[in-house]
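Take a look at the structure set out below.
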Amino acid sequence: MSLHERIAAYQSASQYFLNLAVGTPADLLDVHHENGWSARQVIHHMADSEAQSYARLRRLVAEPEGSIIQGYDEAAWANEPKLAYSDGDVTNSIAVFAAVRAASLDLVKRLEDSDLEKFGEHTEAGKYTIARWLETYTKHPYDHGDQLVRATKGQA
């Protein structure tokens, strides 16, 4: 897949999730399968995840190859009451998602094919290239968008 095609796929993934998040009726935000996240929790997770991805991409672009790319404990964040995954308003999380995806899209549009192999060392995943970053964060909105749809139907 060409860089241009990868960028288009990233942009489509952003719009896919944003449309779902914005379109989720308020009365369905807290519906979920007993062992799964609600739509509200998914939206908050995506904002936090994208904020992490934003920083990771910039590290990969600007810092020396092999720099540390820090992982984080997603479950701990989701379970921390002060982060309000279970009951917080989703408005700001949707805005964060939209803003950081747009800013990251601006950056990836400036990349060249040779940039795709630049890498850092992810604390959980090992060698982490810009190509891998782009693949991961193109897939992520689809995975969690599908999870959001299932949550509003009370499915796992």
Side-chain angles (χ1 to χ4, degrees), residues 1 3-62 68-111 120 122-126 128-156:
M1 180 182 296
L3 179 56
H4 179 75
E5 291 168 322
R6 290 175 192 224
I7 292 167
Y10 178 86
Q11 187 170 16
S12 293
S14 301
Q15 199 57 55
Y16 170 76
F17 186 83
L18 190 56
N19 289 344
L20 287 174
V22 169
T24 301
D27 64 331
L28 295 181
L29 283 171
D30 297 312
V31 174
H32 61 84
H33 183 269
E34 68 180 82
N35 295 319
W37 279 356
S38 67
R40 180 183 312 274
Q41 290 168 309
V42 170
I43 292 167
H44 289 310
H45 163 73
M46 288 298 287
D48 285 340
S49 177
E50 290 303 326
Q52 295 294 315
S53 79
Y54 175 91
R56 289 173 180 166
L57 177 59
R58 279 148 183 77
R59 269 186 203 279
L60 290 166
V61 169
I68 297 298
I69 305 298
Q70 183 65 46
Y72 73 106
D73 187 339
E74 296 172 357
W77 288 40
N79 292 323
E80 171 50 56
K82 292 178 186 84
L83 296 184
Y85 273 48
S86 294
D87 58 2
D89 185 350
V90 297
T91 304
N92 287 337
S93 287
I94 292 170
V96 166
F97 174 85
V100 297
R101 289 290 289 200
S104 291
L105 177 63
D106 287 345
L107 194 159
V108 297
K109 285 179 176 178
R110 293 188 295 272
L111 295 176
H122 192 287
T123 58
E124 297 167 345
Y128 198 77
T129 63
I130 291 176
R132 184 172 178 187
W133 179 95
L134 196 50
E135 179 182 325
T136 298
Y137 290 104
T138 296
K139 188 174 181 286
H140 198 236
Y142 288 113
D143 291 344
H144 285 295
D146 294 347
Q147 181 184 24
L148 188 154
V149 169
R150 288 191 313 273
T152 61
K153 295 176 181 176
Q155 300 172 347

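Just so you know, these numbers use all the heavy atoms, side chains as well, and skip hydrogens, waters and symmetry mates. These numbers come from a predicted model, not from an experiment.
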Exercise for review: Could you list the residues that satisfy side chain to side chain contact (heavy atoms under 4.5 Å, CB included) with Lys139, not counting sequence neighbours?
Suggested key: Asp143

Check your understanding: Which value, rounded to the nearest 0.5 Å, describes the distance between Tyr128 atom OH and Ile68 atom CD1?
Key -> 14.0 Å

Practice item. Kindly write out the residues that satisfy side chain to side chain donor-acceptor pair (under 3.5 Å) with Arg56, not counting sequence neighbours, or none if the list is empty. Key: Tyr137

Practice item. First locate atom OG of Ser53, then atom CD1 of Ile69, and finally report the distance between them rounded to the nearest 0.5 Å. Key: 11.5 Å

Review point. Any side-chain donor paired with an acceptor under 3.5 Å for Thr138 and Glu135?
Key: no

Exercise for review: Could you list all the side chain to side chain donor-acceptor pair (under 3.5 Å) pairs where at least one residue sits in residues 11-26, not counting sequence neighbours?
Suggested key: Ser14-Arg101, Gln15-Asn19, Tyr16-Asp146

Practice item. Indicate whether the side chain of Tyr85 and that of Asp48 have a donor and an acceptor atom separated by less than 3.5 Å. Key: yes

Check your understanding: Can you name the nearest heavy-atom pair linking Gln41 to Ser86, along with the distance?
Key -> NE2-OG, 3.4 Å

**Study point:** Residues that Asp89 engages under side chain to side chain donor-acceptor pair (under 3.5 Å), provided they are two or more places apart
**Key:** Thr91

Review point. How many angstroms lie between atom OG1 of Thr152 and atom CD of Gln147, to the nearest 0.5 angstrom?
Key: 11.0 Å

Exercise for review: For Ala131, enumerate each residue passing the side chain to side chain contact (heavy atoms under 4.5 Å, CB included) test, keeping only those at least two apart in sequence or located in another chain.
Suggested key: Arg6, Leu116, Glu117, Thr129

Study note, to complete from the structure: Tightest non-hydrogen contact, residues Ala151 and Ala39, listed as CB-N, 3.8 Å

Exercise for review: Check side chain to side chain contact (heavy atoms under 4.5 Å, CB included) between Ala103 and all other residues, then give those that pass, not counting sequence neighbours.
Suggested key: Tyr54, Arg58

Exercise for review: Starting from the C-alpha separation in whole Å, work towards a yes-or-no answer on side chain to side chain contact (heavy atoms under 4.5 Å, CB included) for Val61 and Leu111.
Suggested key: CA-CA 9 Å; Val61 169; Leu111 295 176; 4.1 Å; yes

Exercise for review: Hey, could you give me the CD1/CZ distance between Ile43 and Phe97, rounded to the nearest 0.5 Å?
Suggested key: 10.0 Å

Practice item. List in chain and number order the residues that pass ring pair (Phe, Tyr, Trp, His ring centres under 6.0 Å) with His45, two or more places apart in sequence or in another chain; answer none if no residue qualifies. Key: Trp37, His140, His144

Check your understanding: By side chain to side chain contact (heavy atoms under 4.5 Å, CB included), which residues pair with Pro81, not counting sequence neighbours?
Key -> none

Pairs of donor and acceptor atoms involving the side chains of residues 70-78, under 3.5 Å and at least two apart or interchain, shall be tabulated with distances.
| from | atom 1 | to | atom 2 | distance (Å) |
| --- | --- | --- | --- | --- |
| Asp73 | OD1 | Ala75 | N | 3.2 |
| Asp73 | OD1 | Ala76 | N | 3.0 |

**Study point:** Sequence-distant partners of Glu5, side chain to side chain donor-acceptor pair (under 3.5 Å), two or more places apart
**Key:** Ser2

Point to revise | Non-hydrogen atoms of Ser104 and Trp133 that approach each other most closely | key: CB-CH2, 4.0 Å

Review point. For Asp30, what residues pass the side chain to side chain donor-acceptor pair (under 3.5 Å) criterion, not counting sequence neighbours?
Key: Arg40

Review point. Rounded to the nearest 0.5 Å, how far apart are CG of Leu107 and CG of Leu57?
Key: 4.5 Å

Check your understanding: CG/Leu28 to CG/Leu148 distance, rounded to the nearest 0.5 angstrom?
Key -> 9.5 Å

Review point. Which pair of non-hydrogen atoms, one from Ser93 and one from His44, has the smallest distance, and what is that distance?
Key: OG-ND1, 2.7 Å

